[in-house]
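So the structure is just underneath, and the comments pick up after that.
Protein chains get the first letters and strands the later ones, always in sequence-line order, with residue 1 at the start of each. On a predicted model such as this, the values are computed, not experimentally measured, just so you know. The analysis underlying the following values was restricted to heavy atoms, covering all of them including side chains, and did not include hydrogens, waters or symmetry mates.
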Amino acid sequence: MNIFATFFAALPATIEQGLIYAVLAMGIMITYTILDFPDLTVDGSFPLGAAVTASLMLSGWHPIACLIMSALAGAVAGLATGLIHVKLKVRDLFSGVIVMTGLYAINLRIAGGSALRTIPRTATTIFRNNPLADVLPQGVSVVAIALLIALIVKLLLDWFFTTRYGYLLRAAGDNERVVTSLARDKGNVKIAGLVIANALVALSGGILCQQQRLFEASMGTGTLVLGLASVIIGVNLFRGSNLIKRTTQVIIGAILYKACVSFAIACGMRPGDLKLITSALFLLILAAGQMKKKEKQYA
Amino acid sequence: MLELKGVQKTFGTATAREVRLFDNFNLTIADKEFVSLVGSNGSGKTTLLNIICGSLPQDKGSVVMDGRDISGQKEYVRARRIGRIHQNPAWGTVGNMTILENLSLADNKQRRMGFRQGTDPRRVEYYKELLRPLGLGLENMLSARAGSLSGGERQALAMVTATMTPVDFLILDEHTAALDPQTAETIMTLTDRLVREKGLTTIMITHNLRYALAVGDRLIMMHKGKIVLDKKGEDKMTMQPGELLQLFGGFNYETPRTSEETYAAYPQFEAAAR
Ligand SMILES: Nc1ncnc2c1ncn2[C@@H]1O[C@H](COP(=O)(O)OP(=O)(O)O)[C@@H](O)[C@H]1O
Ligand SMILES: [Mg+2]
């Protein structure tokens, strides 16, 4: 029972993290499920968001302004990947790898040359030492704020997908020909999708940085896999249900993924071993993705 | 008016499988002309349409639309004036979006694609009016996903979306080939109606020689990248399916026969082809 005790003790933290990573997962939902683009940029844009937030916070910026800047930085990273892919015709995976690799160096620069930046306990973040956090009961304040942010992002995305441009983006992922027939450049639509997705991913990185009061250069490793796992868990869990929106499914998927990881840790799994689990999961996802493609072909 | 002037197209240039498909290919299609295009597999029909629509670049020559050379125009720019329907009904609409969303998307073609609501509720009645004449009941299932429709229903929807905003040209590539005979008939009737109503300049590829003769006002047969038959008006109307079939067979199946020999066998076609 020790395992369960440990697991439940960690549950609030698990849910907090799940909600923060849900923002990232919603970004990956756009590139992977809507645009069918395996975007490795996220492994660089997630820590990019954290680096921007960390260094701006340390220079005294308002926590919300830091997050906006993080999202903008992520948008630029997505733009870079999009331009490389669409204008220079580099394959999707490689475009992401190129930007991700470049970002590693850029992130270090932004963080002032150090691979680790910490934010003092006394600093004002969106989670602590601010009026909202002060009125919320201790213990639930972080979860409540993380939930609030995830919900705002979810509602914005839900709205976006009902707009004209949102329709176009959905069409681009499903059937590029339709975008062309609507006299629109499908490349530009793809770029826009990458911009939005990476803005969300970097925003998530900035939020995590404020929650953990930490930027670490290697914190982006496995971001894509983690996000994909969340998306796939959420979407498959509610397969065939029209009542629950994709975005909600993905948020639940992110929390469940974090719960699985937390359970594995409670079982005594070492962090080093977790990477093995992650890579096995990645294999599973790719294999499942291949099967999905085949289904599509024969449909 | 649509003109192809001196078009040359070679596939696999400088490889062992080099195929020179078009060599100095010329074709002029008048305004509001409805051309049915026949020819065996590999005769270059789809490639011709791809060059017109800008999906494929030609090596030499030009595509001229209303006197303006559009060879340098991207495919999506040409799509402002061209509606295109493919053989695969799934290519014309977005499967994961509903009928209503697909219609709204098409309706937005000429508008700015900003952050206004994708569907305008005031347009729904108009969409229903567009769907009703199809007689398929699609107007009562606006919230059904396009992907859940049958091939015929989906192709009919694609015809509506492709011609909803004003286009001048309609390009149809075997658009009834994947459908059962009954549904094909329905789509063909719809095609004829849309083309006449909207006065579209149309090129329709079909393998159905009966449709080729019954629909449209000009008939072109292609063989190995060349036009081997070109009939319009009276000449086309008096043509019998049997004659056409014989000619088709002469070109394609009696392999030892060259086009000269085929025309020697069918002298009545010679003049039209030259
Ligand atoms: N993208 C391509 N690459 C190489 N060869 C092609 C390509 N597209 C068409 N071809 C060749 O051009 C010829 C004509 O093809 P196509 O225009 O599709 O014929 P049709 O539509 O009349 O059946 C065929 O021999 C085909 O092999
Ligand atoms: Mg063809």
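For Leu2(B), the side-chain contact (heavy atoms from CB on, under 4.5 Å) partners are Ile29(B), Ile52(B), Val63(B), Met65(B), Phe169(B), Ile203(B), not counting sequence neighbours. For Thr206(B), the side-chain contact (heavy atoms from CB on, under 4.5 Å) partners are Val38(B), Met204(B), Asn208(B), Tyr211(B), Ala212(B), not counting sequence neighbours. In terms of the side-chain hydrogen bond (donor to acceptor under 3.5 Å, both in side chains) criterion, Asp31(B) has no residue partners (sequence neighbours excluded).
Neither the backbone nor the side chain of Ala158(B) comes within less than 4.5 Å of any heavy atom of chain A. Within the 4.5 angstrom heavy-atom criterion, no atom of Phe161(A) approaches chain B.
Within a 6.0 Å sphere centred on CZ of Phe94(A), other residues, nucleotides and ligands contribute 12 heavy atoms or fewer. For Leu237(A), the CG atom counts as densely surrounded, since its 6.0 Å shell holds more than 12 non-hydrogen atoms of other residues, nucleotides or ligands. Surrounding CD of Glu18(B) are more than 12 heavy atoms belonging to other residues, nucleotides or ligands, all under 6.0 Å away.
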Please report all inter-chain donor-acceptor pairs (under 3.5 Å) between chain B and chain A, with distances to 0.1 Å.
unit_1    : atom_1 : unit_2    : atom_2 : d
Ala90(B)  : O      : Asn175(A) : ND2    : 3.1
Trp91(B)  : O      : Asn175(A) : ND2    : 3.0
Thr93(B)  : O      : Asn175(A) : ND2    : 2.9
Gly95(B)  : N      : Asp174(A) : OD2    : 3.3
Asn96(B)  : N      : Asp174(A) : OD2    : 2.7
Asn96(B)  : ND2    : Asp174(A) : OD2    : 3.4
Glu101(B) : OE1    : Arg170(A) : NH2    : 3.1
Glu101(B) : OE2    : Arg170(A) : NH1    : 3.4
Glu101(B) : OE2    : Arg170(A) : NH2    : 3.2
Lys109(B) : O      : Arg184(A) : NH1    : 2.8
Lys109(B) : O      : Arg184(A) : NH2    : 3.4
Lys109(B) : NZ     : Ser181(A) : O      : 3.1
Arg111(B) : O      : Arg184(A) : NH2    : 2.6
Arg112(B) : O      : Arg164(A) : NH1    : 2.9
Gly114(B) : O      : Tyr165(A) : N      : 3.1
Arg116(B) : O      : Arg164(A) : N      : 2.8
Gln117(B) : OE1    : Thr162(A) : OG1    : 3.4
Gln117(B) : NE2    : Thr162(A) : OG1    : 3.1
Gly118(B) : N      : Thr162(A) : O      : 2.6
Thr119(B) : OG1    : Tyr167(A) : OH     : 2.5

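If you tally non-hydrogen atom pairs under 4.5 Å between each of Gly95(B), Gly114(B), Ala162(B) and chain A, the highest count goes to Gly114(B).
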